[in-house]
Every structure is written in C-alpha cells, then in structure tokens.
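Working notes, beginning with the structure itself.
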Number of protein chains: 2
Amino acid sequence: MAREPMTTSTEAQTAVATSKSQRAYAWLHERIVTREYTPGYRLVLAAIAAELDMSVVPVREAIRRLEAQGLVTFERNVGAHVAMIDDSQYRHSMGTLALLEGAATALAAPHLTEADLRRAREVNRRLVAGLDDFDPHAFTALNQEFHAVLFAPCPNPRLLELVTTEWARLGRLRDSTFTFVPGRAQESVREHEEIVRLIEAGAPPADVERAARAHRSATLAAYLNHEHPGAHA
Amino acid sequence: MAREPMTTSTEAQTAVATSKSQRAYAWLHERIVTREYTPGYRLVLAAIAAELDMSVVPVREAIRRLEAQGLVTFERNVGAHVAMIDDSQYRHSMGTLALLEGAATALAAPHLTEADLRRAREVNRRLVAGLDDFDPHAFTALNQEFHAVLFAPCPNPRLLELVTTEWARLGRLRDSTFTFVPGRAQESVREHEEIVRLIEAGAPPADVERAARAHRSATLAAYLNHEHPGAHA
DNA sequence: CGCAGCGTGATCATATACGATCCGAGCGCC
DNA sequence: GGCGCTCGGATCGTATATGATCACGCTGCG
C-alpha cells in the first residue's frame, strides 16, 4: 500500500495537514466574528490572497463556504462583502435564537453540575456589578458567557450548532455589538437569576424552556421598542 | 484521463446570466435532495465538471457551499461524498426539526386561510386513503406536503430557512426515504387531524406549537423504537 | 468613452491517495 | 527434500484533489 509503513507517513501528515483553503476559511471566519471586519466590509480576493500568501483560488472557496453560512454576501462580478443584516432580519434571527436557545437550555438543565450553576451565578454577579459604570461591550460578552454556560451540556449537538450559527448571524448587525438595550439590563439579570433558580430547583423542562425563551424574547422586544432610531445621532 | 480539448468557450452560453458555479451548485443540490445521488455517493470533481461542460474550479466552489450547508462531506486529498448521517445524528436532527417546525407552525397558524386549511385536510385525506395498499415513498411525500402547507405562511423567514435545511439534512439518512415507521401511520394522520382542528378553532399558539412538536417527536420515538429498539438512553 | 481594477473560469503543475503488480517468505502437499 | 500455493509487503502507476497562473469580460470611475 503506502511506501512507508505508517510511522513516517502519519508523522508527516499531522505536521502539515491543513489545506490552504482551510486556512483562508479559518482566518476570514475569525476576522468576521471578532468584528475586525465589520458588516459591509468589502472583501477583495486578491488582497486577502496576498496577505495569506496564496492565490485567489483557495480564498474564493473559503468565501463560498462563508457565503453558504450566511456570514458573507456575494454578488456576481462585483465581489464579496461581510454580511449585514437589517432590523427585520435581526428580529427574525433573534426570535429563532430564543427558540433554539430556550430548548437547548432546557435539554441541558438536567446535566448541569453544581460547578456549572456556581459559574453561571458568578457570571451573573459580574453582570450585576457592571450595571453602574456601564460598558455595553463587556455586558454583551458576559451575557453570552452566561447563556453559553447554561446550554453547554445540551445533549443535542445539532441544536448547539444552530445556536452558534445564529449567534454569528446576529453579530452581523451593522452597528453596536450584539444586543444591548440600556433599560433592559436590570430586568435581564433578574431573569438570569430566575432561570438559574428554576434549574436548581429541578423545574420541569417545559418551565425552563419557557423562561429561557421568554428572556430572549423580552430582550428582543425591548430592543425593537427602544433602539430602533437611525444609527447615530 | 485525457484532457478535454475545449476548443470554444466564447459561444452559446453567453445568454445565461448565472455564473457557472451557481449552475453547478443548483445542479448538485438538485441531485442530492432528490436522492439521485444517494448518501455516501462519491462526487468526482472532474466527472461533474465534464458533465456540466466546465472546469473543476466552479465545481469545487459549489461543493464547498454544499459542504458548509451539510449536504456534502469533504476530505482533504480524498474527495467529496454526499453526506451521510447516522442514527444518532438523525435523532438529533429530527428533534431539532420538531422544535423548529412546531414553532413555525404556531407562528403560521394565524395567517392560514380557509383554502390553506382545506388543502391541509385534503392532503391528509390522501394520506388516510393511502393507509392500506401502502407506499412509503408516497406517504413520506404527502406527509411533507401536509406540514409544508401548515407552516408556509410563517412570518419568520429565517425559521423557514432552518426548517428547510433540516429537512435536507434528514434526507441524508442512508437507507429508506425520510422517515416512515409502519405502525405509526394511523396515529400520525390522527395527529394531523388534531393539529388542523386546533388551528381552525383558534387555539393559543402555545397549544399549536406543543401539538406540532409532539407529533414530530412521537414519530421520532416510534422510529427509534421500531428500527432500533432499546438503542441509546 | 476609455481605462483600471477585479471577479470568473480555463489550463497547467504538483501532491497525495488508492489500486495493481510483483517479489519473496512461509507452509502444506507430493 | 523438492515443488507449488498462498499470503504479506514494497514498488510503481494512475486517478484525483489542490493550488498557481493566465486570459477574458464585467463594472465602476474618471
């Protein structure tokens, strides 16, 4: 079969097994989700190829995948841009996230350990601590962490995959980071507390799901009522 | 393998406005969802390119997109295969579909017209009629149509997108078409009837959602018990 | 209205994996 | 003990993916 039994073959493989199109994909994905490339940013194939020291071919493949994933929009003969969602798409995506995350949290609840719950409470405490002297960016990050802790042990990997995708999608909103609605913060952390309490008390999955879903939905509603006006002042 | 002479390239196709990679994508997508290319089928780039009269480059881009969508698996230096899901993935995907479709149906309910409901009933009648003299393939198709009618007017396009994706995914099960469990059919059509009744009666969205979700979950449970009794927890 | 930039796709060169063939050793049979 | 059969393993060949370069055409801008 192979000319070398398997030792050298395996060794050599593991060292350089990553293809260029893989590298391009990972690189671009990273830039997009971290918002280093903000929504609407024009992606020039040749420039990216040059930066990564490869030709345009692997870059195009990477962008096709990102397109299928919804992170990039592609226009024939024009080029690629980092995807940008409008308020309507944001609303729909957030509604979907509420659904997915609510279910994931309910499914994960029985598998949460004491340590997990302590961690969730700790994160929520940090959220409370940040309520005065407010930093939207930090709040958003902690908020995500809180939810991630709660649904992480969900036994349905497909569901987790969709939740992740939806998060990435929501991050394509033009301005601001993720969601943050000033008046919502206090209410939000209270709901967090309530969700943890329900889980700890061993509430029925349906109750946990309803609470988690309602929490996201309320955030969405607040966002729509409050933050709708045009961009900056 | 001899290369194709490829004498003329600047004729004939100029009328079509769609790019070649688009055409390749659509063509492959079609073949896969119709199960003309069954799960596990090896996709050879050069062969597809020859069939579509193009080079491998657009085909590769198309396959990358299909990969991101989960319809195709890609292995470095080995090639692409039509994605194949195992029972575990099927279970998770079906659970997710129950969730998504349940919500979509509940959201769509208020927008269903008389005609929609008539159509749903008609489709279900055809399902009932097919109970004796059984054709799993036809039953599956009608079953999908029934559900599609009910959630079509769902105002959340993102949700519909995910439902569609999940359907395509479920179709990647190696054997048989979609789901069909012999003993389930009668029960299934009764539940269909009940769902339509709930919607017609203007039941609360939560009730519609619960019924639609439970219907799919029951189908899944029956599938698991029948096809793999006592599998998993 | 022409020029420049850039996306699109074909061709070519290279790397890698899989399969076929061939060689030599172990082993049973005469 | 000699002969042939079979099987493990290496070498080579071919099929195929991967990526670079080049030619062409569209689009936008002056």
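The chains referred to below are lettered A, B, ... by the order of the sequence lines, with proteins before strands, and numbering in each begins at 1.
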Practice item. Could you check how far CD1 of A:I48 sits from P of D:dA20, rounded to whole Å? Key: 14 Å

Check your understanding: How about A:T113 and A:D116: does a side-chain donor come under 3.5 Å of a side-chain acceptor?
Key -> yes

Review point. Checking side-chain contact (heavy atoms from CB on, under 4.5 Å) for the pair A:R23/A:M54: CA distance, chi angles, key distance, verdict?
Key: CA-CA 10 Å; A:R23 261 178 45 219; A:M54 59 180 69; 3.7 Å; yes

Practice item. Could you pick out which residue, A:R64 or B:V56, lies toward the 5' side of DNA chain C when each is mapped onto its nearest nucleotide? Key: A:R64

Exercise for review: Check every atom of C:dA10, C:dG9, C:dC18 against the side chain of B:S55 and return the nucleotide holding the closest atom.
Suggested key: C:dA10

Exercise for review: Take the protein atom CD1 of A:I63 and the nucleotide atom C1' of C:dT8, then report the distance between them rounded to whole Å.
Suggested key: 13 Å

Practice item. Could you state the atom-to-atom distance from CZ of A:R76 to P of D:dT27 in whole Å? Key: 8 Å

Practice item. Describe the nucleic acid contact of B:V57 in one word from base, sugar-phosphate, nothing, applying a heavy-atom distance below 4.0 Å. Key: base

**Study point:** Closest to the A:P58 side chain, choosing from D:dA20, C:dG9, D:dT18
**Key:** D:dA20

Check your understanding: Rounded to whole angstrom units, what separation is found between the CG atom of B:L45 and the P atom of C:dA15?
Key -> 19 Å

Exercise for review: Assign each of A:N77 and A:Q22 to its nearest nucleotide of DNA chain D by heavy atoms, then name whichever residue's nucleotide is nearer the 5' end.
Suggested key: A:Q22

Practice item. Give a yes/no on whether any side-chain N or O of A:R23 is located under 4.0 angstrom from OP1 or OP2 of D:dT18. Key: no

Point to revise | Sub-4.5 Å side-chain heavy-atom contact between A:V82 and A:L66 | key: no

Check your understanding: Any luck finding a side-chain donor-acceptor pair between B:E51 and B:W27 under 3.5 Å?
Key -> no

Revision key, fill the gap. Taken to the nearest whole Å, NZ/B:K20 to C1'/D:dC26 is 16 Å

Review point. Within the structure shown, what part of the strands sits under 4.0 Å from A:L43 by heavy-atom distance: base, sugar-phosphate, or nothing?
Key: sugar-phosphate

Exercise for review: Mark yes or no: A:R184 above the aromatic ring of A:Y223, with NZ or CZ under 6.0 Å from the six-membered ring centre and no more than 45 degrees from the axis.
Suggested key: no

Exercise for review: Starting at atom NE2 of B:H81, determine the distance to atom P of C:dA17, rounded to an integer number of angstrom.
Suggested key: 14 Å

Point to revise | Toward the 5' end of DNA chain D, by each residue's nearest nucleotide, B:R42 or A:R60 | key: B:R42

Exercise for review: May I have the distance from B:E61 (atom CD) to C:dG9 (atom P), rounded to whole angstrom?
Suggested key: 7 Å

Check your understanding: Quick one: A:M54 CE to D:dT18 P, roughly how many Å, whole number?
Key -> 14 Å

